[in-house]
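Data first, discussion second: the structure below is written as C-alpha coordinates.
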Amino acid sequence: MKTQPVLQSTLTCPHCGHQATETMPTDACQFFYECTGCGELLRPQAGDCCVFCSYGSMPCPPIQQQRSCCQ
(Lines give C-alpha, C1' and ligand atoms only; values in the text may rest on other atoms or scores of the structure.)
Protein backbone atom coordinates (compact mmCIF):
# COMPACT_ATOMS: atom_id res chain seq x y z
CA MET A 1 0.00 0.00 0.00
CA LYS A 2 1.40 3.37 -1.03
CA THR A 3 1.03 6.32 1.26
CA GLN A 4 -0.17 9.62 -0.11
CA PRO A 5 2.57 12.25 -0.43
CA VAL A 6 2.51 15.42 1.63
CA LEU A 7 1.65 18.25 -0.76
CA GLN A 8 2.46 21.23 1.49
CA SER A 9 6.06 22.32 1.94
CA THR A 10 7.51 25.39 3.61
CA LEU A 11 10.17 27.01 1.46
CA THR A 12 12.92 28.93 3.26
CA CYS A 13 14.82 31.50 1.22
CA PRO A 14 18.58 31.06 1.65
CA HIS A 15 19.10 34.78 0.96
CA CYS A 16 16.71 36.46 3.41
CA GLY A 17 15.31 33.60 5.53
CA HIS A 18 11.68 34.34 4.55
CA GLN A 19 9.41 31.31 4.80
CA ALA A 20 6.32 30.57 2.73
CA THR A 21 4.16 27.44 2.72
CA GLU A 22 3.30 26.36 -0.82
CA THR A 23 1.43 23.48 -2.44
CA MET A 24 3.74 21.29 -4.51
CA PRO A 25 2.70 20.17 -7.99
CA THR A 26 2.21 16.42 -8.35
CA ASP A 27 2.72 16.27 -12.11
CA ALA A 28 5.78 18.47 -12.64
CA CYS A 29 8.94 19.70 -10.96
CA GLN A 30 9.17 23.35 -9.97
CA PHE A 31 12.54 24.62 -11.14
CA PHE A 32 12.06 28.27 -10.17
CA TYR A 33 10.46 30.05 -7.23
CA GLU A 34 10.44 33.79 -6.59
CA CYS A 35 10.85 34.55 -2.89
CA THR A 36 7.92 36.60 -1.64
CA GLY A 37 10.22 38.21 0.91
CA CYS A 38 13.15 39.56 -1.11
CA GLY A 39 12.19 38.73 -4.72
CA GLU A 40 15.23 36.48 -5.28
CA LEU A 41 14.64 33.82 -7.94
CA LEU A 42 15.46 30.45 -6.36
CA ARG A 43 16.73 27.54 -8.43
CA PRO A 44 17.43 23.95 -7.34
CA GLN A 45 20.85 23.29 -5.83
CA ALA A 46 23.20 20.95 -7.69
CA GLY A 47 21.91 17.37 -7.44
CA ASP A 48 18.34 18.35 -6.53
CA CYS A 49 15.44 18.10 -8.96
CA CYS A 50 13.40 21.09 -7.80
CA VAL A 51 13.23 24.04 -5.39
CA PHE A 52 11.21 21.98 -2.88
CA CYS A 53 13.98 19.38 -2.63
CA SER A 54 16.53 22.16 -2.10
CA TYR A 55 14.71 24.65 0.14
CA GLY A 56 11.49 22.99 1.31
CA SER A 57 10.51 21.33 4.56
CA MET A 58 9.32 18.34 2.48
CA PRO A 59 10.82 16.97 -0.73
CA CYS A 60 8.63 16.86 -3.85
CA PRO A 61 5.94 14.15 -4.19
CA PRO A 62 7.89 11.88 -6.60
CA ILE A 63 10.89 11.82 -4.24
CA GLN A 64 8.61 11.15 -1.24
CA GLN A 65 7.23 8.13 -3.13
CA GLN A 66 10.75 6.99 -4.09
CA ARG A 67 10.07 7.50 -7.78
CA SER A 68 12.32 9.18 -10.28
CA CYS A 69 11.67 12.85 -10.57
CA CYS A 70 11.48 15.16 -13.56
CA GLN A 71 15.18 15.28 -14.39
Original post:
Same cluster or not: are Val6 and Leu11 linked, directly or through other Ile, Leu, Val, Met, Phe, Trp or Tyr residues, by side-chain heavy atoms under 4.5 angstrom apart?
Top reply: yes

Subject >> For the student: nearest non-hydrogen atoms of Ala20 and Tyr33, plus distance >> reply: CB-OH, 3.5 Å

**OP:** Starting from the C-alpha separation in whole Å, work towards a yes-or-no answer on side-chain contact (heavy atoms from CB on, under 4.5 Å) for Ser54 and Leu42.
**Re:** CA-CA 9 Å; Ser54 291; Leu42 305 182; over 6 Å; no

Subject >> Min side-chain heavy-atom separation Cys35-Cys16 under 4.5 Å >> reply: yes

Subject >> Distance in Å, Cys50 SG paired with Tyr55 OH, rounded so as to fall on 0.5 Å steps >> reply: 11.0 Å

**OP:** Give, for atom CZ of Arg43 and atom CZ of Phe32, the distance between the pair rounded to the nearest 0.5 Å.
**Re:** 5.5 Å

Original post:
How far does CE of Met58 sit from OG1 of Thr21, to the nearest 0.5 angstrom?
Top reply: 12.5 Å

**OP:** Taking the side chain as every heavy atom from C-beta outward, state whether His18 and Thr36 have any atom pair closer than 4.5 Å.
**Re:** yes

**OP:** Show your reasoning for whether side chain to side chain donor-acceptor pair (under 3.5 Å) applies to Glu22 and Ser9.
**Re:** CA-CA 6 Å; Glu22 303 288 346; Ser9 184; over 6 Å; no

**OP:** Could you walk me through whether Met24 and Gln64 pass side-chain contact (heavy atoms from CB on, under 4.5 Å), step by step?
**Re:** CA-CA 12 Å; Met24 296 181 279; Gln64 289 180 49; 3.6 Å; yes

**OP:** Could you check Phe52 against Gln30 for side-chain contact (heavy atoms from CB on, under 4.5 Å), going step by step and ending with a plain yes or no?
**Re:** CA-CA 8 Å; Phe52 292 105; Gln30 188 164 337; 3.4 Å; yes

Subject >> Atom pair SG/CG of Cys60 and Asp48 - distance to nearest 0.5 Å >> reply: 9.0 Å

Original post:
Are the side chain of Thr12 and the backbone N or O of Gln19 linked by a donor-acceptor pair below 3.5 Å?
Top reply: no

Original post:
Any side-chain heavy-atom pair from Cys53 and Ile63 closer than 4.5 angstrom?
Top reply: yes

